[in-house]
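Letters A, B, ... mirror the listed sequences (proteins, then strands); counts begin at 1.
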2 protein chains.
Amino acid sequence: MRRSDEVARMSENAEAARERVIESLEQSAEVYGLSRSAGRIYGVLYFADAPLSIPELVDRTGYAKSTVSNVTRTLTRVGLIHRRSSDGGGRRVRFAAEREIWYILQDVFQQYVQRELQTTHRTIRRAERGLDDGDGVEAERIRELRETYEDLQEIVELASELSAAELRDALDSYEG
Amino acid sequence: MRRSDEVARMSENAEAARERVIESLEQSAEVYGLSRSAGRIYGVLYFADAPLSIPELVDRTGYAKSTVSNVTRTLTRVGLIHRRSSDGGGRRVRFAAEREIWYILQDVFQQYVQRELQTTHRTIRRAERGLDDGDGVEAERIRELRETYEDLQEIVELASELSAAELRDALDSYEG
DNA sequence: CTGTTTGTTCGGTTCGAGTCGAACAAGCGA
DNA sequence: TCGCTTGTTCGACTCGAACCGAACAAACAG
């Protein structure tokens with residue numbers, strides 16, 4: 001029994017639709033390097049009418065309190081949810097989902113892909129500098145690889161500065 | 001002892017550079033959802049002067065024969081390496097690395113991200129159709145999500161038709 | 001036909017991520 | 001002050017992916 005009785009007011013259809021979408025989000029989460037629990041928790045927050053506390057998330061997801069605590073931390077770090085430092089001032093924390101997914105996906109990209117591209121590029125350059133003149137074949141191979149990574153890096157960098165609409169526009173209007 | 005004596009002719013610098021780059025590829029592989037062994041095997045093939053057979057890969061990577069067999073299969077399926085069906089006609093198979101990484105990354109994108117986007121989009125649309133008129137809040141949330149996914153899908157679709165240079169160009173020339 | 005080499009498949013092991021429950025810390029209200 | 005609730009941290013467990021070795025299949029050489 002995953003959902004709490006608080007949300008039982010909604011229609012059967014809405015309930016089913018919501019559950020299906022949340023299951024999709026669970027699966028999407030895995031693609032972006034997050035856990036399934038992260039997908040579900042984000043999904044529950046995405047549909048919630050108001051920010052939710054950890055006990056409420058425990059109630060609505062069925063996960064253990066510790067799991068919810070850890071997952072909300074990583075989701076907050078990534079920026080997919082926000083801590084609404086509770087108005088009452090008390091210890092109770094509430095979380096709300098970020099709905100502008102595009103900017104978050106950009107951030108995830110920055111943190112995962114771009115960071116990876118950067119470190120790889122650095123490593124390749126260092127390796128390249130350590131070569132002698134006689135190392136013809138290796139030098140050529142490594143140079144090719146470096147240039148590819150420089151292209152990739154520039155593409156990601158440029159793309160991360162645009163909104164989804166702008167990016168779509170840029171691609172759409174290119175050469176036609 | 002990872003490298004075979006066959007390649008001992010190269011200089012210490014080239015050897016070290018090569019090893020560092022291959023380690024980078026190992027790490028990159030994880031980002032793209034592949035195993036570390038896949039990264040190393042691709043790296044060895046990337047630097048190889050000629051296509052290599054499975055025993056040769058076993059020799060140069062230190063992995064078990066079965067591991068090399070499985071990894072080469074998935075790398076072939078993804079398109080990162082090619083089977084050079086041996087000229088001798090015999091059973092011996094040789095593998096060569098695809099060096100145009102860009103097109104392969106596009107394919108990986110197609111297979112991982114775009115496929116995921118498609119199924120999620122389908123699920124969301126199905127959920128949306130199952131809603132009644134009274135399901136106001138859910139309908140709105142799901143609509144937003146669907147539109148975001150449609151944007152993402154179109155972006156990926158457009159980007160997958162361009163080469164790295166074209167993509168870089170398109171982004172670079174947009175609005176300035 | 002027999003032995004050898006190459007490649008695949010299968011069962012088992014290892015290792016790390018995800019999850020849980022319990023213990024602990026920190027605040028609030030009686 | 002003493003409970004009660006909330007949130008975090010820790011050790012243990014589970015499960016799946018990666019990897020290995022052995023057994024098997026297939027092809028060629030002699």
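If you measure from atom CZ of R40(B) to atom C1' of dC20(D), you get 17 Å, rounded to the nearest angstrom. Atom pair R83(B):CZ and dT6(C):P shows a separation of 15 Å (rounding to whole Å applied). Protein atom CG of L34(A) is 13 Å distant from nucleotide atom C1' of dG18(C), rounded to whole Å. Put simply, OH on Y63(A) is 7 Å from P on dC20(C), counting in whole angstrom units. One atom, CD of E30(B), and another, P of dA17(D), lie 15 Å apart when rounded to the nearest Å. The nearest whole Å value for the distance from the CG atom in L57(A) to the C1' atom in dG7(D) is 12 Å. The distance between atom CD1 of I41(A) and atom C1' of dC20(C), rounded to the nearest whole Å, is 13 Å. If you measure from atom CZ of R94(A) to atom P of dT5(D), you get 16 Å, rounded to the nearest angstrom.
Both G33(A) and I54(B) lie close to DNA chain C; mapped to their nearest nucleotides by heavy-atom distance, the more 5′-ward contact belongs to I54(B).
Under 4.0 angstrom from either OP1 or OP2 of dT6(D) there lies no side-chain N or O belonging to S53(A). When the side-chain nitrogen and oxygen atoms of S37(A) are compared with OP1 and OP2 of dG18(C), none of them lie within a distance under 4.0 Å.
Between the base of dG21(C) and the side chain of S66(A) there is a donor-acceptor pair shorter than 3.5 Å.
Residue contacts shown for S35(A) are limited to sugar-phosphate atoms, with no base heavy atom under 4.0 Å away.
In summary, the side chains of R83(B) and T76(B) do not present any donor paired with an acceptor at a separation below 3.5 Å, with no hydrogens or angles considered.
In this structure, E138(A) does not pair ionically with R143(A), as no charged nitrogen and carboxylate oxygen lie closer than 4.0 Å. A salt bridge links E150(A) and R146(A); the closest N-O separation between the charged side-chain nitrogens and carboxylate oxygens is under 4.0 Å. Look at R125(B) and E128(B) and you find no salt bridge, because none of the NZ, NE, NH1 or NH2 atoms lies under 4.0 Å from a carboxylate O. Using a cutoff of 4.0 Å between basic side-chain nitrogens and carboxylate oxygens, E30(B) and R36(B) are scored as salt-bridged.
Side-chain proximity of K65(A) to dG7(C), dG7(D), dC20(C): nearest is dG7(D). Picking from dC19(D), dC20(C), dT9(C) the nucleotide with the shortest atom distance to the side chain of R73(B) gives dT9(C).
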